[in-house]
There are 2 protein chains.
Amino acid sequence: MSKQNQRDLREHNRSLIMETLLLKQPLSRTDLARETRLSKVTVSEIVSGLLESRNIHEIGTGHSRGGRRPVLLAQLPQVGVAIAINLAPDETTSLSTWLDGSPIDREHQWPAVVDPASAIDQVEAIYRGELEALARCRDAALPPIVGLAIAIHGNVRGDDILFTPYYSLAGLPLAPQLRQRLAVPVWIGNEANFTALGELASGAARDNFVAISVHSGIGAGIVRDNDLDVGRQGFAGEVGHTIAVPGGLSCPCGNAGCIEQYASERAIVTRWREVSGDAGADLGSLIRASQANDSRARGVLSQFIRYMGILVNNLSRFVDPDSIVINSRLTAALPQLIEEIKAEQRCRLGEAAPLVPSLLGDPAILYGGIAMVLRRHYDVRRLHFAAFRPPDTRC
Amino acid sequence: MSKQNQRDLREHNRSLIMETLLLKQPLSRTDLARETRLSKVTVSEIVSGLLESRNIHEIGTGHSRGGRRPVLLAQLPQVGVAIAINLAPDETTSLSTWLDGSPIDREHQWPAVVDPASAIDQVEAIYRGELEALARCRDAALPPIVGLAIAIHGNVRGDDILFTPYYSLAGLPLAPQLRQRLAVPVWIGNEANFTALGELASGAARDNFVAISVHSGIGAGIVRDNDLDVGRQGFAGEVGHTIAVPGGLSCPCGNAGCIEQYASERAIVTRWREVSGDAGADLGSLIRASQANDSRARGVLSQFIRYMGILVNNLSRFVDPDSIVINSRLTAALPQLIEEIKAEQRCRLGEAAPLVPSLLGDPAILYGGIAMVLRRHYDVRRLHFAAFRPPDTRC
DNA sequence: ATACTTTGTTAATCCGATAAACTAAGTTAG
DNA sequence: CTAACTTAGTTTATCGGATTAACAAAGTAT
């Protein structure tokens, strides 16, 4: 039902050109015609529109390839701001970027939002606080806000918050209310799904992949054809609640043997405390002990490896992705874990999917929110974050 | 890259009209304009083309709705033949239908194709044998063959046979060779994926669903947006090789604890033989014993229920489909098993996906092959099989 | 018989993509 | 240094496809 008249056709080709430019800028009009297989005339027309709407600009001329020099086109990033808010169970973080994904200021922390009665007010206050922080760090006026993305630690489908294990936001009309109050496009989504968008935009993976996020629970974002697949009820990728041990440890979800009872940070730390006899032990001490070749720590990690191996195997069998991205503090600190998880893949049905570490690490959720905003703003699927500006150059 | 010029637009709208007509025939031109949201003129133009190419015909006039009576349009089924061949490990079956999916003759049996050296010749012989059988049962000449689909019990991606556990067809250029020899469109695909297409065309499920097939192994076809998702290497849906028991029974695939070691027909019959002490016991005797309330049989079935419950749970968490179709001889004979598998769903993350039995049963693979041919022939995604002609009216 | 409805076609128009010709601005070879 | 060639981008003419509006065809209702 989507593309059936000429206006849709034009819209489609505009998206195509914008996406190509965002991915491979700078490009000339002729480059764009070659890449998109559109005629030069069509490209020139659409480019005129994009120039006029100040989405792109001409940045000068490139090197001649034996004739007239090409006029190079590039995105105009500082004409708008994208904002992402991560409603984590224990704190709220926020980040604002230009339209190329480069941060304007550092990441900000705020109190956790847990009370459903005041949740919408709180998020509104955080949004306004973020704007003030931006104003303080910039003397010039801010360009328009092109969108706000809010990461929910729970299940989301469209504007509906369906289930939130860590707080009680289910059923709250967060997105519609904020849209009205802030007069800004608002997108909400599951945290693991945002992470997957972040990995897509950072270049860790593309096309068809799964991004696994390990923290207190285990979630995943499934990307098919450069688009999120959230399933019928927004539960696609709830891989923490796949059963790995029949009749195993009971899980708050109601089932027994869910894999997140064996391989989540919480499960691993619990096990590490048992093994080490230190009730105050945490993920950091486990990592340090492992680096010091502590055999008890290695034992705990072998459990992590084993169950992550099962998860990766099962993911490969179910969805057979092009690659699997892992975002976890354990694999970030101990890169060899990735190889050990790979070594668990013994199924001879084809090669195992390439396993790659996240390029974004902890702030992946926020960058994923930014990606959510930008892909809607530009009406594209893939985009490419500009190199991250080092912290010292920020305000 | 697909739809960017006007020709693509026309092609898209032609497909849209054909798909709508196949699903809801008979329809008038005005009905089609309303359903597709295209203008009456565009519909009339495209319909003229479809009439001229004898894909559809006018079957008369419908009831007046207060004005001129509509001219009803319908598919013209007997202008072409679709053929499907199922290369099962123990036998080969074949089926031919008209373009509405109604069988021309009964299903035919042939010897199993196991020798890679002669496999292509054998399949060619079976195809020609099927044509002869059709000629024998019809005095009139056959219309053209619009395509041949071949179900492979193994992994397929495009024309490439990647892995076949039961015979050695991997790497064989079956499709390209037959295309050349028979001068007919040839499609090959995984058996479970074909089954999913069959369920789609039979109306058992639509849009986004998973069709699980249980026999000697366990496979699944994943349908997203009415299209098959076969994954990077054609392994998507190889759910039999997801691990359900860490360190469990070893599987020929190289892993341990694969779910098909616990819930496939082979696994269940093995267990039934152990429990009953009868080395000749089979699935039929298990079903009969269960119907006679034999407690040992019920025990064996409870294992089936338990592991199928895990599989359904994990599928729901990974892909969150609109529904899950189960095609197995056990659930077909003992429908209450479906309810018992449903009862295993204890995860409170949203409602469990509706679990429905296959409408096609055993010949689902063949009908799925037919669907494969027809959807390519008409360039549509969804289609709807005409009611099956009862066996006694066939030749 | 007259007025109204619905179906489907004809005619006029609009919109978007393309090809061909052309202008602009360079490089290269002699 | 100029003539010939190349590449970039625009102008012009044309084509293909979708839509609107008007109309013809064929019915119903009173």
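This is a predicted model, so every value here is computed, not measured.
- No donor-acceptor pair closer than 3.5 Å links the side chain of B/D159 to the backbone N or O of B/A175.
- A side-chain N or O of B/Y378 and one of B/Q75 form a donor-acceptor pair less than 3.5 Å apart.
- Looking at A/D207 and A/R381, no side-chain N of the basic residue comes within less than 4.0 Å of a carboxylate O on the acidic one, giving no salt bridge.
- Comparing atom distances between the A/R7 side chain and each of C/dT18, C/dG16, C/dG8 picks out C/dG16 as nearest.
- You'll find the side chain of A/Q177 stays beyond 4.5 Å of the side chain of A/V186, heavy atoms only.
- Remark: C1' of C/dC15 and CZ of A/R14 are 18 Å apart, rounded to the nearest angstrom.
- As rounded to whole Å, 18 Å separates atom P of C/dC15 from atom CG of B/N13.
- For residues 59-66 of chain B, proximity to DNA chain D is found at B/S64, B/G66, defined as any non-hydrogen atom under 4.0 angstrom from a strand atom.
- Note that the two end axes of the helix from C/dA1-D/dT30 to C/dG30-D/dC1 enclose an angle of 0°, each drawn from 5 base pairs, rounded to 10 degrees.
- In this structure, the CG atom of A/L16 is 14 Å from the C1' atom of C/dA17, given to the nearest Å.
- When rounded to the nearest whole Å, the span between CD of A/E11 and C1' of C/dA17 equals 16 Å.
- No hydrogens or angles considered: nothing links the side chains of B/N208 and B/D225 as a donor-acceptor pair under 3.5 Å.
- In this structure, the CZ atom of A/R69 is 11 Å from the P atom of C/dA25, given to the nearest Å.
- Following rounding to the nearest Å, B/E45 (CD) and C/dT7 (P) show an atom-to-atom distance of 19 Å.
- With a 4.5 Å cut-off on side-chain heavy atoms, B/R29 and B/R34 do not count as touching.
- The shortest distance between side-chain heavy atoms of B/R224 and A/R224 falls below 4.5 Å.
- Once rounded to the nearest 0.5 Å, the distance linking NE2 of A/H12 with OG of A/S15 reads 7.0 Å.
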Report task. Take A/R14 and A/D8, measure what salt bridge (Lys or Arg N to Asp or Glu O under 4.0 Å) needs, and give me the verdict at the end. Result -> CA-CA 10 Å; A/R14 200 208 65 94; A/D8 300 334; over 6 Å; no
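- In this structure, CD1 of B/I46 is placed 13 Å from P of C/dT9, rounded to the nearest angstrom.
- Mapped onto DNA chain D by nearest heavy atom, A/S48 and A/Q6 fall at different nucleotides, with A/S48 at the one closer to the 5' end.
- We find the CZ-CG distance between A/R375 and A/L228 to be 6.0 Å, quoted to the nearest 0.5 Å.
- No contact: A/V43 has no heavy atom under 4.0 Å from any strand.
- Donor-acceptor pairing under 3.5 Å, judged by distance alone, is absent between the side chain of B/R68 and the base of C/dT6.
- Among the heavy atoms of the strands lying under 4.0 Å from B/T30 are primed sugar atoms or P, OP1, OP2 only; no base atom is included.
- The closest side-chain heavy-atom distance from B/S39 to B/E45 is not below 4.5 Å.
- Distances shorter than 4.0 Å separate some side-chain N or O of B/R29 from OP1 or OP2 on C/dT9.
- How far CG of B/D100 is from CD1 of B/I370: 10.5 Å, rounded to the nearest 0.5 Å.
- Comparing A/R34 and A/V41 along DNA chain D, the residue whose closest nucleotide (by nearest heavy atom) sits nearer the 5' end is A/R34.
- Using a 4.0 Å cutoff to heavy atoms of chain B, the contacted part of DNA chain D runs 5' to 3' from D/dG16 to D/dT28.
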